[in-house]
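The structure displayed is predicted, hence computed values, not measured ones. Order of the sequence lines fixes the chain letters, A, B, ..., with proteins taken first and strands second; residue numbering starts at 1 for each chain.
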Amino acid sequence: MKNSLIAKLLYDIADLLELQNVQFKPNAYRAAARTIEGMSKDIESEWKEGRLYDVPGVGKGIGEKIEEFLATEKSSYLEELKKKLPMDPELMNIEGMGPKKVMFLYKKLKIRTMKDLEESAKKGKIRKLPGFGEKSEQKILSGIEHAKKGSGRMLLGFALPIANEIISELRSSKLVTNAALAGSARRMKETVGDLDILAISSKAGKVMDYFCSMPNVIETISRGPTKASVRLVNGLQVDLRVLPEKEYGSALMYFTGNKDHNVALRKIAIAKKMKLSEYGLFKNNKQIAGKTEEEVYNKLGMHYIPPEMRENTGEVELALKNKLPAIVERKDVLCDLQMHSKWSDGSNTIEEMAAKAGELGHKYIAITDHAGTLVIANSMNEKRAAKYCEEIDSINKKSEIHILKGTEVNIMPSGSLDIPDKCLKNFDIVLCSVHSALTMQKEEMTKRILKAMDNKYMRIWAHPTGRKIKIRDGYTVDFPKIFDKAKERGIALEIDCYPDRTDLNDINVRSAVEAGVKLSIGTDAHAAPQLDFINLGVGTARRGWAKKSDIINTMPLEKMMKFLAH
DNA sequence: GCCGTTTTCGGCCCGACTGTTTTCAGTCG
């Protein structure tokens, strides 16, 4: 899909327009970029089928730019802008730098790159400029350091435990009556730029003191009477806001929804002659809601919207009509359908994995150690696989939760599976996935997967796109074709919960759900504590608007056995 | 540049903090 390329084109144009202090256009370009980025449909096919201009935010101007880019892979408009503005728009990503400052520094000091900026700051040239001082110069230097360290975003799976720890520390300090996570982490976005935490307290000053002196804080970035930002040892930025109880709900909403969602809500408020801000919902300057999110949504005439859906991709309209889909909840998920033990490349025994799964409330699990001839991941050969099945059978006799005999098998480049059918038939559940020849082109890869799906034992296509966040994009396949085949064959597509996989991702999940394809959730845990990643998979399912009926993990064991037996 | 249950023209979300000023622009979320 070219969606992300087009989104980048539009974001770049927006940045360059903003540098020139052009009004409103940057927002129009960004709004269209965000829509296209989050679309489950392929923008190129929309264009080919004459529906480009149906995409919200795409009108004559933006549409023409997209058409040119899709036809020629170039944008004359962007080239023109770049010629006029030779500085690197990345400069605007440095903390404290916006379009005005970037432009000003270019005019005064001919600063075009991060390197130029660093040199000028180190030589003390910036502090001499009007409007700048010693502190701004320092801030620029520390901003550059941070930009260098890693371009910012942390995997949700690593950020979430940190957030929970901070929140429970705040609670146990007794300085706050409540504290909660907001921001993109609460929306369960796969990576987060920072953590936003809200707390209710009447002793804001003391809470700030406490927050800024937590053990793993290395730097206080800013500190006001009710708002502070700190940086943790691992580079993560955490923002805390303290507020009174009557604003808690509206503030949670304000800091949870993405920008587009919040703008949409504000517009609804305006249409109803009200005003919505983080301080509450106001009518005639009087707060009429704010304590809870439910209250605010209801007073706006809409149903409560779960955090994971608050990205303005249709949820607002549905909530107004009270037609939001009931998305799957953590409590609906009865099992974990991918994990590894010492039998292949895991570090715990089957019993240890089962025990931890029981603690997490799972009713049953699938242990899915690797089998096959490929020498990756300590794969089991046929002989060992038989012993493994025997062991699971014997553990099941005394185990509190039932263990499905599962395996993860490689899909070979030809599309055949890496272990013969006579071995596969001994398993309750067979996951198939690609671990080799990852660079295959779309058509060839699609053929490979379709061929694998013809195997009657395949039940789950595991980590379907093979991507690794921040490392590789993964291969592309013709999803519509695969969806059809998956439905025909009763094969589920996996949401692999492992933090750097999250594969399928939210967007793919949504298209699978729209296509009526079943999904499975598996942590891909290689050690017992990683079974906690189940929450990430549920979050991704919810971001993709999956209902309980879309997720096979919600089936009680008996129903699951029937599903697997077909 | 986009958009429309008052509109095809005239709007486009809102408030606080920072660092620089001495009343505010720029930036951020």
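With rounding to whole Å, Glu137(A) atom CD is found 14 Å from dG19(B) atom P. Atom-to-atom, CD1 of Ile126(A) to P of dG19(B) comes out at 15 Å; the value is rounded to the nearest Å. With rounding to whole Å, Lys65(A) atom NZ is found 8 Å from dG1(B) atom C1'. Rounded to whole angstrom, the span from the CG atom of Leu78(A) across to the P atom of dG1(B) amounts to 14 Å. Following rounding to the nearest Å, Asp260(A) (CG) and dC2(B) (P) show an atom-to-atom distance of 16 Å. Computed from coordinates, the Phe24(A) CZ to dC9(B) P distance equals 18 Å when rounded to whole Å. The separation between Lys267(A) atom NZ and dC14(B) atom C1' is 13 Å, rounded to whole Å.
Within the 4.0 angstrom heavy-atom criterion, only backbone atoms of the sugar-phosphate kind lie near Pro56(A); the bases stay farther away. Arg127(A) comes within contact range of no nucleotide atom at all, as no heavy-atom separation falls under 4.0 Å. Within the nucleic acid shown, Lys25(A) comes within 4.0 Å of at least one base atom, counting heavy atoms only. The residue Glu64(A) sits apart from the nucleic acid: no heavy atom pair falls under 4.0 Å.
Pairs of residues two or more places apart, or lying in two chains, that qualify as side chain to side chain donor-acceptor pair (under 3.5 Å) and include a residue from residues 129-144 of chain A are Arg127(A)-Glu137(A).
Of the possible polar contacts, none joining the Ser201(A) side chain to the Val176(A) backbone as a donor-acceptor pair under 3.5 Å is found. At distances below 3.5 Å, not a single donor-acceptor pair connects side-chain atoms of Glu49(A) with backbone N or O atoms of Glu46(A).
One finds no side-chain N or O of Tyr29(A) lying less than 4.0 angstrom from the OP1 or OP2 phosphate oxygen of dC2(B). For Ser136(A), a side-chain nitrogen or oxygen approaches OP1 or OP2 of dT20(B) to under 4.0 Å.
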Might you work through the side chain to side chain contact (heavy atoms under 4.5 Å, CB included) test for Leu52(A) and Leu70(A), ending with a clear yes or no?
-> CA-CA 11 Å; Leu52(A) 177 62; Leu70(A) 285 172; 5.5 Å; no
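For Ile62(A), the listed nucleotide lying nearest its side chain is dC2(B); candidates were dC2(B), dG19(B), dC14(B). Candidate nucleotides dC17(B), dC14(B), dT20(B) were compared by shortest atom distance to the side chain of Ser277(A), and dC14(B) ranks first. Picking from dC12(B), dC2(B), dC17(B) the nucleotide with the shortest atom distance to the side chain of Lys60(A) gives dC2(B).
Judged by a 6.0 Å distance limit and a 45° cone about the ring axis, Lys110(A) is positioned over the six-membered ring of Tyr106(A). For the pair Arg310(A) and Tyr304(A), the distance from NZ or CZ to the six-membered ring centre is under 6.0 Å and the angle to the ring normal is within 45 degrees.
The separation of dT5(B) from dG1(B), taken at their C1' atoms, amounts to 24 Å, rounded to a whole angstrom. Only the P atoms considered, dA16(B) is 24 Å distant from dT22(B), to the nearest whole Å. Rounded to a whole angstrom, the distance from the P atom of dT18(B) to that of dC12(B) is 28 Å. Distance check on atom C1': dC14(B) versus dC9(B) gives 25 Å, rounded to whole Å. One P atom belongs to dT21(B), the other to dG15(B), and the distance between them is 28 Å to the nearest Å. dT27(B) sits 13 Å from dT20(B) when the C1' atoms are compared, rounded to a whole Å.
Figure legend. dT8(B) is base-paired to no nucleotide; pairs are counted as Watson-Crick or G-U wobble with both atom distances under 3.5 Å.
Ion pairing of Arg510(A) with Glu311(A) is absent here, as no side-chain N (NZ or NE/NH1/NH2) approaches a carboxylate O to less than 4.0 Å. Taking the charged nitrogens against the carboxylate oxygens, Lys83(A) and Glu79(A) have no contact shorter than 4.0 Å, which rules out a salt bridge.
Stacking between Phe132(A) and the base of dT20(B) is absent under the criterion of ring centres within 5.5 Å and planes under 30 degrees.
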Reading nucleotides 23-29 of chain B from 5' to 3' and marking B where a protein heavy atom lies under 4.0 Å of the base, S where only the sugar-phosphate is that close, and - otherwise, the string is ---SSSB
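Of all heavy-atom pairs spanning Met208(A) and Pro225(A), the tightest one is CG-O, 3.9 Å.
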